Each structure stands twice: as structure tokens, then as C-alpha cells.
Amino acid sequence: MAAPQVRRADFLMALAYATDLATGHSRDFALRSCVLAMRFAEVAKLDQETCRNIYHQALLRFIGCNADTHLLAAAWGDEITLRRELHHIDMGNRPEFVEIFVRAIKRKYPGASPEELEEAVKRGLAEAPQVNIPILAGHCEVAQRIAERIGLPPEIRENLGQIYERWDGKGLPRGLSGNAVKFPVRVVTLAQDAIALNDHHGFAIMKEKIGKRAGGGYEPELVDLFLTNAEKLFAGMDGPVDREMILALEPVPHAMLDEDASEEAYLAIADMIDMRMPFTFGHSRAVAELADAAAKQMGLPASDIRDVRRAAYTHDIGELAVPVSTWMRPGRLTERETDAAQLHPYHGERALASLGGDGKSVAALVQRHHERLDGSGYYRNSRGTDLAPAARILAAAEAFQTAREARPYRPAMSDAAAAAKLRNAVRDGKLCADAVEAVLTCAGQPARRASAERLAGLTPREIEVLRLIAAGDTAKEAARKLEIAPKTADNHIQSLYSKIGVTTRAAAALYALERGLVQHGFSAA
Ligand SMILES: [Fe+2]
Ligand SMILES: [Fe+2]
């Protein structure tokens with residue numbers, strides 16, 4: 001079978017969705033800015049290479065902004081609200097940005113007296129450059145590194161090193177000015193600010209503000225061209241932007257990722273998610289290692305093993321929607337914060353939705369990673385039959401890894417204590433016994449039984465055949481999909497029937513259904 005290939009642009013969209021959440025941007029902000037910037041490129045009759053640079057800069061501009069978020073949160077409190085308020089102001093205008101930072105400090109100390117607040121504002125503004133500049137420089141470097149890992153060429157990486165620079169030299173961290181700021185950077189900064197201003201103030205005020213900033217944040221010539229064509233550029237921009245539009249905008253040749261490159265792209269996403277605060281460093285990689293090993297031990301088919309590993313890399317991508325200031329706070333979350341936090345598997349599935357193909361089964365697992373067999377998980381309160389073996393393994397691996405990591409409101413558990421916690425969850429009907437034992441054995445914990453049982457002793461190939469026939473395929477159709485001889489498929493069917501103790505396709509289908517082997521969103525083969 002040929003190695004699956006995916007469009008790199010699909011990964012860019014997943015990253016764009018996640019960074020829009022983390023930076024408080026409006027829905028599909030990066031995608032809409034990509035459409036606007038590419039329309040501008042067409043109006044300006046830019047060459048193919050410049051268009052390619054603009055396309056990537058628009059989608060990826062903020063991919064490094066998850067780095068050191070805990071420092072930003074420690075200094076200013078709710079960093080997502082702060083970022084949201086900064087999007088539509090002129091960062092070269094000191095009174096404007098001071099007002100936003102003062103507001104952030106007031107939010108951070110809600111019960112402070114006027115004197116305490118005055119002191120906090122004075123201290124915060126005095127320390128702002130030491131706090132903000134290294135963080136912003138870090139965003140640029142991290143963006144460049146992620147871009148390198150997903151295979152983007154040097155010129156695109158160079159643009160990502162200038163995401164906060166401005167035409168007038170008042171940008172950060174290097175204070176570049178004029179033509180020293182790369183042309184694609186100048187175009188995308190203008191396009192993204194125009195989207196943010198249009199979202200916040202409407203079309204007329206957006207145009208007025210962009211015009212006033214000519215020669216400040218933006219190159220005057222670009223502002224002229226933009227304002228002359230503003231109606232045309234914004235036509236239909238209030239409507240939705242979908243995956244196909246973004247794929248169609250990518251300059252040819254379209255970049256494809258093979259199996260190894262896709263794996264590295266998933267890993268890059270894992271690292272990007274985990275670096276938002278020290279508590280989560282390495283979390284997704286560790287969950288993936290456990291889930292991968294447990295899935296192998298349970299004898300799942302190769303495609304399931306790959307899906308569960310990739311789902312583990314990306315399972316917390318939706319957590320970026322919740323401010324780090326919330327995650328970092330010791331003590332209980334408020335009801336509203338809990339609701340928002342428990343929606344992160346939903347956001348995770350949405351972020352991965354653009355991946356198409358195999359990405360759908362990865363997204364389905366991400367959506368279920370906090371579900372429990374008895375329906376007590378979140379966010380959909382799914383139950384056992386909706387939870388395939390891969391989903392059960394991911395839930396167990398995630399729960400074990402999280403328990404042995406420290407959190408602001410509790411210390412890390414020892415491996416033995418974490419194992420006991422998981423076995424209690426099995427006893428309470430929440431986690432799957434087989435999945436938990438497989439995870440614990442793979443984590444080096446003494447096994448409760450010789451080894452976690454495979455599903456009725458089925459081989460990976462028999463599981464694949466079972467899924468297909470349970471979904472209605474004949475032996476012949478299953479043979480064709482799995483690229484095996486019909487006789488071989490028949491042998492697998494007889495063998496699996498006898499192992500699970502059935503004699504009919506209907507009973508086999510019910511067995512598969514009961515164990516979550518057939519359901520929408522999971523790959524059948
Ligand atoms: Fe997690
Ligand atoms: Fe999670």
C-alpha cells in the first residue's frame with residue numbers, strides 16, 4: 001500500500017486554528033487573513049514566490065506565541081483577554097497600549113485598593129520591557145523552529161522571525177524599519193490588522209484607522225493600494241472560510257507530507273502545545289509513548305496504533321482556548337472556568353478537522369480523550385460502546401501520565417499511587433481494565449495478570465476484518481479493501497468467529513459494536 005500523503009496546508013490550518021484560540025483572535029482569523037492577503041497579492045500582481053511567502057506568513061504568523069505563556073500570564077493575568085485587546089490598537093502609540101496593559105493589571109488584582117492598584121500599575125509598566133521583549137523574541141524563534149520541523153524553507157522562516165516588526169521601526173524585538181522588514185511581513189501585518197479592526201470597529205472605521213497608520217505601522221504605498229481596493233478586497237469577507245478555499249489558495253506546487261514528515265508535523269504540534277507552561281512540558285510526548293506501547297501490546301492494527309499515537313500528540317490542542325492564567329492558578333476553577341476547560345476536547349477535534357482522511361480518526365480520538373466508560377467523562381458524556389479500544393487506551397495513558405505530573409493545585413503522584421488511582425477507576429467502571437493494565441505494564445508497573453489480553457485473542461488482521469464485515473462488507477469486499485485474497489479473508493472470518501464465539505455476521509457485528517470497534521469517525525481499516 002502506498003504511503004499516505006497529506007497536504008501540508010492541512011497541518012497549517014490545524015496550527016492556525018490552535019493559535020487563533022491561544023491568541024484570542026476571532027474565529028478563523030488566520031484563515032480569513034490568508035484570503036485577504038492573497039487577494040491583495042493578486043491586486044498588487046505579486047510573483048509566485050512572494051505569494052507563497054504571504055500565504056504561509058498569514059497562516060503561521062502566531063505559531064510561536066504559545067511559548068512562555070506562563071511568564072506572560074504571571075505578569076499580566078489573563079493573557080488571552082490581553083492579547084485580544086491588543087489586536088486592534090496601534091502598538092506604536094504608547095497611550096493606546098499603556099491603557100490596555102493598565103486594564104490587564106486591574107483585571108489581575110480585582111480586590112486591590114486604589115493605592116495598591118496604583119503601585120501595581122507603576123511596577124508593571126516599569127517592568128514591561130524586561131518582561132515582554134524576551135517573550136516576543138522567543139515567539140519569533142519558536143515559530144521559526146516549528147516551521148523548520150514542518151519542512152518550510154528558509155525564506156518563510158525568516159519572515160516568521162519578524163512578526164512584530166513595523167515599518168516605522170517601533171516594532172519588536174529588533175526595531176527593524178522600512179525595507180529591512182520583509183515585504184511579506186509588511187503585507188500580512190497590514191492584512192491581519194485590517195481584519196482585526198474590521199471585526200472590532202466595522203469597515204468604515206477600519207479604513208480610517210489603516211489610513212492614519214500609513215508611515216507608522218505600515219508602508220504608505222501598501223496602504224494606498226489597500227484603501228483603493230478595500231471594497232473589492234473585503235467582498236464577502238464576513239462569510240465563512242473553509243478548508244477548500246485555503247487549499248485552493250496555496251501557490252503551486254502544493255506541498256505534500258509523506259508518512260515520516262507527517263509524524264514530525266504531529267510531533268511539532270505536540271511540542272507547541274506542551275510549551276505553554278512548565279507543568280505540561282513533555283506531557284503529550286509521554287502520553288503518546290505510553291499509548292503507542294499499550295496499543296501494540298493489545299495487538300491493535302497498525303492503523304489504530306498510528307492513530308492513537310497521533311491523537312496522543314495532539315490531544316490537548318484545544319486547551320489553548322483556556323488562558324494559562326487559569327491553568328496555573330492553585331485552587332479550584334470556577335464553574336464557568338470548568339465549563340470552558342472541559343470543552344477542550346471539542347476544540348481539539350475542530351482544530352484537527354482540517355486534516356481530512358486519517359486525520360478524522362485522530363480527531364475522533366482527541367474528542368474522546370476525557371470520556372469514561374460509565375458516561376462520567378466530558379464533554380459529550382460518551383459511554384462504553386462509543387469508546388473504541390484506541391480511545392480507551394488514550395484515556396488510560398492520559399490519566400496515568402497526568403496523575404504522575406505535578407499541577408498547580410497538587411503535587412505529582414508516585415507511579416505506584418498513579419497506578420492505584422487508575423485501578424480504582426477500573427473498579428468504578430470508568431476506565432477499561434485491559435487498557436489500564438496494558439498502559440501500566442508498558443509504564444513498568446508490576447502487572448496484575450500475565451499480560452493485558454488482546455480482544456478475545458484476535459490478531460490485528462482479524463480485528464480489521466471484523467470491523468469491515470461488521471460495517472456490512474462481504475468477505476470479498478473486505479479482502480479487496482485489505483488487499484488480501486478472498487480465501488484468506490474467509491479464513492480470518494472463520495477464525496475470529498470461533499474466537500469470539502459466534503456463528504453469524506450479525507452476532508459478530510454486535511460484538512464489534514459492543515466493544516466500540518465500529519463507529520462513525522474511526523477508520524474501518
Ligand atoms: Fe492531557
Ligand atoms: Fe485533555
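Quick note: numbers below take in every heavy atom, side chains included, and nothing from hydrogens, waters or symmetry partners. Remember, it's 1-based here, ligands and their atoms both numbered in the order they're listed. Computed from a predicted structure; not experimentally measured.
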Flag side-chain contact, heavy atom, 4.5 Å: Met13 against Leu31: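 Yes, close enough: below the 4.5 Å cut-off.
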
Protein N/O/S atoms closer than 2.8 Å to the Fe ion (ligand 2):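 Short answer, with waters excluded from the count: Asp316 OD1, His344 NE2, His369 NE2, His370 NE2.
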
Between [Y] and [X], do the side chains contain a donor N or O and an acceptor N or O under 3.5 Å apart?
X      : Y      : answer
Glu405 : His283 : yes
His315 : His370 : no
Tyr379 : Glu371 : no
Asp316 : His369 : yes

Charged N-O contact under 4.0 Å between Arg329 and Glu337: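 Salt bridge flag = yes for Glu337 with Arg329.
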
